[in-house]
Structure formats: structure tokens, C-alpha cells
Amino acid sequence: MKSTLRVRFAPSPTGYFHVGGARTALYNWLIARKAGGSFILRIEDTDDARNAEEWVDGIVSALTWLGISWDEGPYRQSERSDLYAQAIARLIDEGKAYWCDCTRDEIDKRASERGGPPGYDGYCRERNNPRASGSALRFKIPRPGQTVVHDKIRGDVVFDHENLDDFIIVKSNGSPLFVLANVVDDMDMKISYILRAEEHLPTTPKAILLFQALGAEELPVFAHVPVLVNAKRQKLSKRRDRVAVEDYRELGYLASAMVNYLVLLGWSPGDDREFMRIEEMIELFDIDQVNHSPAFFDEKKMLHFNGVYIRELPVDDFVNHCLPFLESNEWWSGSVKQLEVFSKIAPLVQERVSLLTEVSSMVDFLFQPEIEISAELVDSVLRKDPKSSRIIGDISNIYLNLSEFKAEQLHDATRSYCDLVEMPLRKVQAPIRVALTGSKVGPPLFESIELLGKKATLQRLALASELIGIHNP
RNA sequence: GGCCCCAUCGUCUAGAGGCCUAGGACACUACCCUCUCAAGGUAGAGACACGGGUUCGAAUCCCGUUGGGGCUGCCA
């Protein structure tokens, strides 16, 4: 009888949740969804010296944000010690583990004395030590022997037991170590498919030996996906690389864009397509197509993806996504009037940003009671060219007498003025834009002016004239 | 040091012995479009790490070299 596929994502809450973890979670989730199996979230918090509750929250909220939903959990290893105790007792009873009271120093000293490679030498293996306060439990690696890891991505990887130390499975304080807790949980949860980062490959033979020692009838399928690396091609690390999922969210990345970018790091559907909906990813994802080599996490490319995803959003959705970012500005009240104005400018902003955090600075001039024009801009745009002063004066008059203050009329009137003074529109719009928005770049000018309104527009033009006058008598 | 993994443009990748003069995407350059900035369009530059085999034929298979990475914890 074929059992249904069960996968797990088992992060340890020892730091912020980084993109490598997110990618591993995503791959697990995809194979679970594709097979109609279960995705289990398990928090590996056996090392209480290092984990913290806030990190658990971070994992849970990041996965939720990304849309990676779990069918069971989150389980916590810290709540499952009875299970580990049973397994430990069994291993001791059956003579498959032994207590060792060697200190690190002693181990190192013996290693250097015999001139061999560092590592544990099996000193306590046959000594039948009783459990003492400072002793740890080691697993007795069957010798001689070898263990083959049948990896879905890498094929068969052979490990000779000669190169495997009798590793510790229980700390002297009684808590189980990661490999043991992992195997016990995987057995108890009937995990049938273990997909994790490649860094775990060297510990897999140990896990397999443990599975066998604990009487597992069937081994799960293993698949070790390549790690994600930084620009120096080192494994992404929480300490040295700032790549928290949460940070990207705060920067204004869309979860959909991030997921799409992440799925492509180590996998491609086999053709030239890059943009896929979740349903397509589920359908197309295939572990056999996963790459063997590490992938560099390239923010530039993800930024591009984000721009594409932002532009594809229906305008209403775009507005909603912007709101949390707008709310962090003191000029934003969220009033009906402000929402109306923002909704009107939104489509023009949408196609100009790659990050939601870029939105505020692009629209702030519409909401701030008065704008600030940097000295540098006053200098370079308003004062440097003597024509600027005249343009602003003339345009003020033209706008003042406009019957309708709409983008089209503003555009036409400005264009006529350009013809009159024989200047290109791109020259004429510059000082106007700076006077009205305080910036050289932004959404299309005439739509902006319409939304700004006649009163504010004329005020700001007058102010700009004054500025020029003061500095340039 | 030992064990293990990996190797196509700067980056992510396509490539399952002939469809390869090696395709796509990001980034880069130029031009076009254009009220700024974006977006878009067109073009360009840019890679099979090296050496041996196997084969009529190798980016693809094998071996070696080199290079990179991971593990080697009473971390996960």
C-alpha cells in the first residue's frame, strides 16, 4: 500500500528567518501540494540556549505572508521530550549507545597525540560507563560498515563508517541533539520525504543509522537541495548576511514576487518561462529538475520581479498594498479625500516603482501642506538658467487663466507656451516640476498638477518665484 | 588535514551525445519611444574551468587536475 506523501519543514528558531529557509520551505510545500500530501511545520528548539520565542513568531508570520500554509503544527521539539526519552532508553537497552565522559580537551589531546584527524576516537565505547552528571550519550556506529544515502538529487552517496565518529545524541544536561530528535520526530510523524539543504548531507548517514537502530521499517526519501550563497559564494548565514524575509517585506516586496523569484533559485520549469502563478509552480515543480550547484541570491533580479508583479496588480490591490507604507508618513491621515487623490495618482505611480517603499516619496508633494526644495535643486534647476524665472512667471499667468484645470488643458496650454517661446517641453517642464513637487522626477506632470489643484499650484509657483528672486536679484 | 558535494555568460538558468554558430532572464551598453522618471521596443557585448579518454560526433558519458563550497560542535 502506498502511503501519502508527508513532508516537513523544520527550522530552528535561532535567528531571523532567512530566504534560504524560505526556499526550502517552498520546495517542500510544492511537492506536498502537488502530491496532495501533508506539509508539517516543526520547530526544532532543542537547544534552549540559542532559541527564542520571537524567532518562532518570525517564522510563522513569514511563512504565512509567503502563502506557505502547513497542514500540521507547528510542533515543537521542546514539547516532545517523552518521545525522545523512550528512544534513548531503547538505544541504551539494546547496547546501541553508551555514556561518555570525555571532555573536548581530552578528545583533542588524544587526537593530536596520535597525530590523526581530529574527532572522537571511541575511547568510552567499550567501557560501560554508568551515566554520570557530566556525561553525554554517544551513538555506537556499527563497525565496519558503510551507509549509502539514496539522494533524489545527487544519486547514491556512499559514506564509509570509518569516517563517522560515534556522535553525541544526548547532551549531559539530558536534552537530545538535533539528529536524534529529528529522526525520532520524522518516524513519529511518518515523514516520507525529507527535502532539506545540502549542508545536511554529511549528517544523513548518521540519521539513517539512527532510523535503523530505532527499527524504522522504511526510510524516508532524501533530497538535498543546493544551498543559497552570498556574493562571496559562501552559504547564507544569519550572522553575516542580512537576508531576512521580514526585511524584504518591509522594503516593499510582494510575497508573490518573492515566491516566484525564490522558486527559480535552483530550479526552472525547463523552458524559458520565468513568471509563474502558484498553481503553475505546483504543477510544474519537479525535484528531478532541481540544480546541483549553489545559487547566489541576487537582489537585483528579485527587484525586477517585484516591479513586474507590482505593475500586474489591479489598481485597487496596488492601493491596498501601498496603504501600510503610506501610513508611516506624518503627512498621511488616511482621510477620504487623501484616499481619493492617491487612488487617482496610483496607476501612474504603479508603473514607476519596483518597491512599495518608493511610493511615498513619489506622491508626498500631493499631501504635504508645503514642500521643501533642496538648495541643490533651487540652484541647479531654478536659478542656473535665467529662463526659469520667466517660465515660472509666465506659466503662473497661463494657469491662472485656465478655464478648466485638467491635465489635458494644462498640457495643451503648456505646449502652446513652448511653441511661443520656442523651447522644448522637456526643458519647460523641469522648473515647473521642481517648483511644484520639489523633485526632478515623479509621475507625469500634468496629471500631478490637476490633482494638486489650482490653488496649491499657483501658490507653489509664486513661492518658487520668490525663491529665485531672493537668491538672484 | 579527513570525508562529502559542486562546476555553462558577472548573476539565475536552458541543455538528458548530433537540433549549439550554446537559448532565455537580471544587470550592463547603444539607439528608439517620451513632459521628467520609469515602463516598453530594437540591437550589442558576454559562458561550456583545464587536461585526457569513450564515440563517426561531447557542454552533455568516464577519469584526472584545478577551483569553489559544505561537514568535521554536548549548534541546527
Side-chain angles (χ1 to χ4, degrees), chain A residues 10-14 44-47 49-51 100 103-104 115-120 134-138 149 151 153-154 157-160 162-165 167-179 181-182 196-205 224 226-227 229 231-235 261 264-275 288-289 291-305 307-308 311 348-354 358 362 410-411 414-415 418 424-430 432-434 437 439-448:
Chain A
S12 63
T14 55
E44 309 247 316
D45 56 352
T46 53
D47 183 13
R50 293 207 309 154
N51 53 51
C100 166
T103 62
R104 189 73 235 174
Y120 185 65
S135 60
L137 191 69
R138 286 185 185 273
V149 177
D151 191 280
I153 295 174
R154 284 154 219 285
V157 184
V158 182
F159 292 88
D160 199 297
E162 254 181 56
N163 301 311
L164 262 28
D165 289 345
F167 57 100
I168 291 177
I169 52 179
V170 180
K171 300 181 201 176
S172 53
N173 69 7
S175 62
L177 241 14
F178 143 82
V179 195
N182 228 263
R196 43 162 35 160
E198 192 197 338
E199 61 200 273
H200 293 289
L201 186 54
T203 69
T204 303
H224 288 92
V227 292
V229 296
K232 286 155 77 181
R233 302 215 72 87
Q234 296 165 314
K235 180 180 84 167
Y261 175 69
L264 256 17
L265 241 34
W267 173 76
S268 101
D271 51 28
D272 288 339
R273 102 179 89 172
E274 290 201 309
F275 292 100
D288 293 329
Q289 295 281 327
N291 255 290
H292 294 195
S293 41
F296 169 62
F297 181 78
D298 185 4
E299 286 192 42
K300 285 247 184 69
K301 185 154 182 174
M302 185 165 76
L303 187 65
H304 174 256
F305 272 52
V308 172
R311 271 171 257 132
L348 301 173
V349 173
Q350 187 175 2
E351 57 190 29
R352 289 178 165 71
V353 296
S354 317
E358 293 166 0
M362 205 166 272
L410 288 157
H411 193 169
T414 311
R415 208 178 261 295
C418 288
L425 183 50
R426 63 188 173 81
K427 288 274 187 202
V428 171
Q429 63 94 33
I432 305 173
R433 179 183 294 278
V434 167
T437 73
S439 172
K440 283 203 292 193
V441 300
L445 185 60
F446 304 106
E447 283 80 357
S448 301

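Residue numbering restarts at 1 for every chain, and letters A, B, ... go by the order of the sequence lines. None of these values were measured; they are calculated from a predicted model. Just so it is clear, the values below take in all heavy atoms, side chains as well, and ignore hydrogens, waters and symmetry mates.
The ring-ring contact (aromatic ring centres under 6.0 Å, His included) check on A:F159 picks up nothing, with sequence neighbours excluded. Looking at residues two or more places apart in sequence or on another chain, you find no salt bridge (Lys or Arg N to Asp or Glu O under 4.0 Å) involving A:R352. Residues satisfying the side chain to side chain contact (heavy atoms under 4.5 Å, CB included) criterion with A:I168, sequence neighbours excluded, are A:A136, A:R138, A:L177. Residues that satisfy the ring-ring contact (aromatic ring centres under 6.0 Å, His included) test with A:H411, not counting sequence neighbours, are A:F446. In this structure A:E447 satisfies the side chain to side chain contact (heavy atoms under 4.5 Å, CB included) test together with A:L348, A:A407, A:P444, sequence neighbours excluded. Judged as a salt bridge (Lys or Arg N to Asp or Glu O under 4.0 Å), and not counting sequence neighbours, A:K440 has no contacts. Considering only residues two or more places apart in sequence or on other chains, A:E351 meets the side-chain hydrogen bond (donor to acceptor under 3.5 Å, both in side chains) condition with none of them.
Within the nucleic acid shown, A:T203 comes within 4.0 Å of at least one base atom, counting heavy atoms only. At a threshold of 4.0 angstrom between heavy atoms, the contacts of A:H224 with the nucleic acid are absent. Across all strands shown, A:L177 has heavy atoms under 4.0 Å from sugar-phosphate atoms exclusively, and none from any base. Using a 4.0 Å heavy-atom cutoff across all strands shown, A:P11 reaches no nucleic acid atom at all.
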*Scan nucleotides 35-49 of chain B nucleotide by nucleotide, 5' to 3', and note B when protein non-hydrogen atoms come under 4.0 Å of the base, S if they reach only the sugar-phosphate, - if neither.*
BBBBSS---------
*Heavy atoms under 4.0 Å is the rule here; annotate nucleotides 5-16 of chain B 5' to 3' with B where the base is hit, S where only the sugar-phosphate is, and - elsewhere.*
SSS---SBSSSB
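Pair assignment for B:U66 gives B:A7, based on Watson-Crick or G-U wobble hydrogen-bonding distances that are each under 3.5 Å. The partner of B:C35 cannot be assigned: no Watson-Crick or G-U wobble pair with both contacts below 3.5 Å exists in any strand. When both distances must be under 3.5 Å, the Watson-Crick or G-U wobble mate of B:U29 is B:A43. The partner of B:C19 cannot be assigned: no Watson-Crick or G-U wobble pair with both contacts below 3.5 Å exists in any strand. Look at B:C75: it lacks any Watson-Crick or wobble partner with both distances under 3.5 angstrom. Nucleotide B:U55 forms a pair with no other nucleotide shown, judged by Watson-Crick or G-U wobble geometry with both contacts under 3.5 Å.
Take the nearest nucleotide of RNA chain B for A:F178 and for A:Y120: the residue whose nucleotide is more 5' is A:Y120.
With rounding to whole Å, A:I168 atom CD1 is found 15 Å from B:A76 atom C1'. Following rounding to the nearest Å, A:N163 (CG) and B:G2 (P) show an atom-to-atom distance of 11 Å. If you measure from atom CG of A:N182 to atom C1' of B:G73, you get 16 Å, rounded to the nearest angstrom. A:F159 places its CZ atom 12 Å from the P atom of B:U72, with the value rounded to the nearest Å. Summarising the geometry, the separation between CG on A:D165 and P on B:C71 is reported as 16 Å, rounded to the nearest angstrom. In this structure, CG of A:L164 is placed 12 Å from P of B:G73, rounded to the nearest angstrom.
Here, B:G68 and B:C32 have their C1' atoms 43 Å apart, quoted to the whole Å. Taking atom P on both nucleotides, B:U65 is separated from B:C4 by 13 Å, rounded to a whole Å. Comparing the C1' positions of B:G46 and B:C33 gives a spacing of 27 Å, expressed to the nearest Å. Separating the P atom of B:A27 from that of B:A38 is a span of 12 Å, rounded to the nearest Å. A distance of about 14 Å separates the P atoms of B:C37 and B:A30, rounded to the whole Å. Here, B:A22 and B:C56 have their P atoms 26 Å apart, quoted to the whole Å. On the P atoms, B:G51 is 30 Å away from B:G44, given to the nearest whole Å. One C1' atom belongs to B:A25, the other to B:C9, and the distance between them is 12 Å to the nearest Å.
For B:C75, neither phosphate oxygen OP1 nor OP2 lies less than 4.0 angstrom from any side-chain nitrogen or oxygen of A:T46. Using a 4.0 Å cut-off, no side-chain N or O of A:R50 falls inside it from OP1 or OP2 of B:A76. Regarding contacts with the backbone of B:C71, a side-chain N or O of A:K235 is found under 4.0 angstrom from either OP1 or OP2. For A:K232 and B:G68, the shortest distance from a side-chain N or O to OP1 or OP2 is not below 4.0 Å.
No side-chain heavy atom of A:D151 sits under 4.5 Å from any side-chain heavy atom of A:E198.
Ion pair A:D298/A:K300 not flagged as a salt bridge, since none of the NZ, NE, NH1 or NH2 atoms sits closer than 4.0 Å to an Asp/Glu carboxylate oxygen. Checked for salt-bridge contact, A:D45 and A:R50 miss the test: no charged N lies under 4.0 Å from a carboxylate O.
For A:T14 and B:C75, a side-chain-to-base donor-acceptor distance below 3.5 Å is absent, hydrogens and geometry of angles not being considered.
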_side-chain contact (heavy atoms from CB on, under 4.5 Å) between A:I153 and A:H292, intermediate numbers included_ = CA-CA 7 Å; A:I153 295 174; A:H292 294 195; 3.7 Å; yes
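Taking the side chain of A:H200 as heavy atoms from C-beta on, and the options B:C74, B:A76, B:C4, the nearest nucleotide is B:A76.
Taking the six-membered ring where tryptophan is involved, the planes of A:Y261 and A:F305 are perpendicular, since the angle between them exceeds 60° and thus also 30°.
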